[in-house]
Amino acid sequence: MTLIRPPPGRLQSVLLTLTLALAPSAYALDGPQIHIESRSAIHDTDPHSAVTVTHALTLSIANIAAWSATEIISAVRQAAQILAQCGIRTQRAELLLIAVPDSHRDFHTPRSRELARVLALPRPTLYFVADTRQTPAFDAEAIGRGNSRNRPELTDTVWIARGTRDLGIVIAHELAHVLMDSGTHNFTAGNLMNETTALQNTELTAAQCTLIKTTGERNGLLHSVN
């Protein structure tokens with residue numbers, strides 16, 4: 001099962017609050033060097049939702065293609081607001097600017113597996129890449145437990161190509177795929193998990209919220225706050 005969503009246009013991504021304290025370091029990857037150039041915290045991701053908070057989400061965000069930090073932060077805040085309807089608070093996240101060789105700037109399973117293995121970031125992880133070299137080509141791909149058996153290094157990650165539209169909605173959509181560990185879409189008008197990304201598609205049903213929280217907690221991606 002492939003947890004990917006074909007976009008009507010280019011899909012977009014999301015980032016959250018950064019709060020890790022790893023020192024920048026270099027890694028050898030097939031000769032070229034990979035290193036963390038900077039890290040920063042994204043604040044004000046709590047949307048102050050009227051829904052009672054039951055679970056907390058922590059995100060790792062890897063910017064490997066020089067995306068605009070402003071664009072990422074804005075989209076992460078929007079995604080946090082969407083997921084808040086399920087009682088999920090984006091508690092913290094780390095935004096890392098990663099220097100990589102040109103060979104690793106696009107999403108491509110062989111190289112992306114190497115990159116994810118070297119970085120070994122806490123999950124779930126959002127990767128903001130330059131483009132995709134996958135076939136078929138999608139602008140955003142979510143990889144859960146069910147579609148990572150042959151590429152375990154990519155488990156619980158989302159890969160987003162530059163140019164993705166409706167970025168905050170895309171991030172929330174792809175994170176929901178990972179948290180539910182399901183590639184299922186919902187074609188009800190206005191539902192976040194509709195196959196088509198659109199500004200009006202932001203709602204989640206009670207059953208979807210339950211699946212997101214129970215599966216996400218079981219897989220260690222969400223933590224109960226009760």
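The shown structure was predicted, so the numbers you read here are calculated from the model rather than taken from an experiment. All heavy atoms count here, side chains included; hydrogens, waters and symmetry mates do not.
- The two residues Y127 and T157 make their nearest non-hydrogen contact at CE1-CG2, 4.0 Å.
- Note on L199 and L83: same hydrophobic cluster, where clusters join Ile, Leu, Val, Met, Phe, Trp and Tyr whose side-chain heavy atoms are under 4.5 Å apart, directly or indirectly.
- The hydrophobic cluster containing V225, built from Ile/Leu/Val/Met/Phe/Trp/Tyr side-chain heavy atoms closer than 4.5 Å, also comprises V53.
- Residues L97 and W159 do not share a hydrophobic cluster, clusters being chains of Ile/Leu/Val/Met/Phe/Trp/Tyr side chains in contact below 4.5 Å.
- D131 places no side-chain N or O within 3.5 Å of a backbone atom of A161 that could act as its donor or acceptor partner.
- T215 contributes no side-chain N or O that, together with a main-chain N or O of D181, makes up a donor-acceptor pair within less than 3.5 Å.
- Of the N and O atoms on the side chains of Q208 and N191, at least one donor lies less than 3.5 Å from an acceptor on the other residue.
- S224 and E217 form no side-chain donor-acceptor contact under 3.5 Å, judged by distance and modelled atom types alone.
- When side chains are defined from C-beta on, I73 does not count as touching S68, because their heavy atoms never get closer than 4.5 Å.
- Between R151 and E141, at least one side-chain nitrogen of the basic residue sits less than 4.0 Å from a carboxylate oxygen of the acidic one, meeting the salt-bridge criterion.
- Using a 4.5 Å heavy-atom threshold, the side chains of R105 and V129 count as separate.
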| L221 and D156: CA distance, side-chain angles, deciding distance, side-chain contact (heavy atoms from CB on, under 4.5 Å) verdict | CA-CA 8 Å; L221 303 177; D156 300 329; 3.7 Å; yes

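- Evaluation of the side-chain contact (heavy atoms from CB on, under 4.5 Å) rule for A84 yields P47, S49 as partners, not counting sequence neighbours.
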| request: Go through the steps to decide whether Q134 and T109 satisfy the test side-chain contact (heavy atoms from CB on, under 4.5 Å), and finish with yes or no. | output: CA-CA 7 Å; Q134 297 291 99; T109 293; 2.9 Å; yes

| request: Would you check, one step at a time, whether the test side-chain contact (heavy atoms from CB on, under 4.5 Å) holds for R133 with F107? | output: CA-CA 6 Å; R133 294 165 56 192; F107 178 52; over 6 Å; no

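- Here the closest non-hydrogen pair linking G144 and T155 is O-CG2, 4.1 Å.
- Here the straight-line distance linking atom CD1 of I88 with atom CG of L179 works out to 6.0 Å at 0.5 Å rounding.
- Expressed to the nearest 0.5 Å, how far OG of S60 lies from CZ of R39 amounts to 10.0 Å.
- Listed here is the closest heavy atom pair of C209 and L204: SG-CB, 4.0 Å.
- Closest heavy-atom contact between M193 and H173: CE-O, 3.5 Å.
- Ion pairing of R111 with E114 is present here, as a side-chain N (NZ or NE/NH1/NH2) and a carboxylate O approach within less than 4.0 Å.
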| query | Passes side-chain contact (heavy atoms from CB on, under 4.5 Å), Q78 versus I169? Steps please. | reply | CA-CA 7 Å; Q78 183 183 11; I169 296 171; 3.7 Å; yes

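- Interatomic distance, CD1 of I143 versus OG of S112, reported as 8.0 Å (0.5 Å rounding).
- Across all their heavy atoms, L175 and L126 have their closest contact at CD2-CD2, 3.9 Å.
- Across C86 and T54, no two heavy atoms sit closer than the pair O-OG1, 4.1 Å.
- Distance alone, capped at 3.5 Å, is enough to place a donor-acceptor pair between the T214 side chain and the T210 backbone.
- In this view, T135 satisfies the side-chain contact (heavy atoms from CB on, under 4.5 Å) rule with no residue, not counting sequence neighbours.
- Between L192 atom CG and T197 atom OG1 the span is 8.5 Å, to the nearest 0.5 Å.
- In terms of modelled atom types and a separation under 3.5 Å, the side chain of H177 and the main chain of S182 share a donor-acceptor contact.
- The NE2 atom of H108 lies 8.5 Å from the OG1 atom of T132; values are rounded to the nearest 0.5 Å.
- Note that the CD1 atom of I98 and the CD1 atom of I34 stand 8.5 Å from one another [nearest 0.5 Å].
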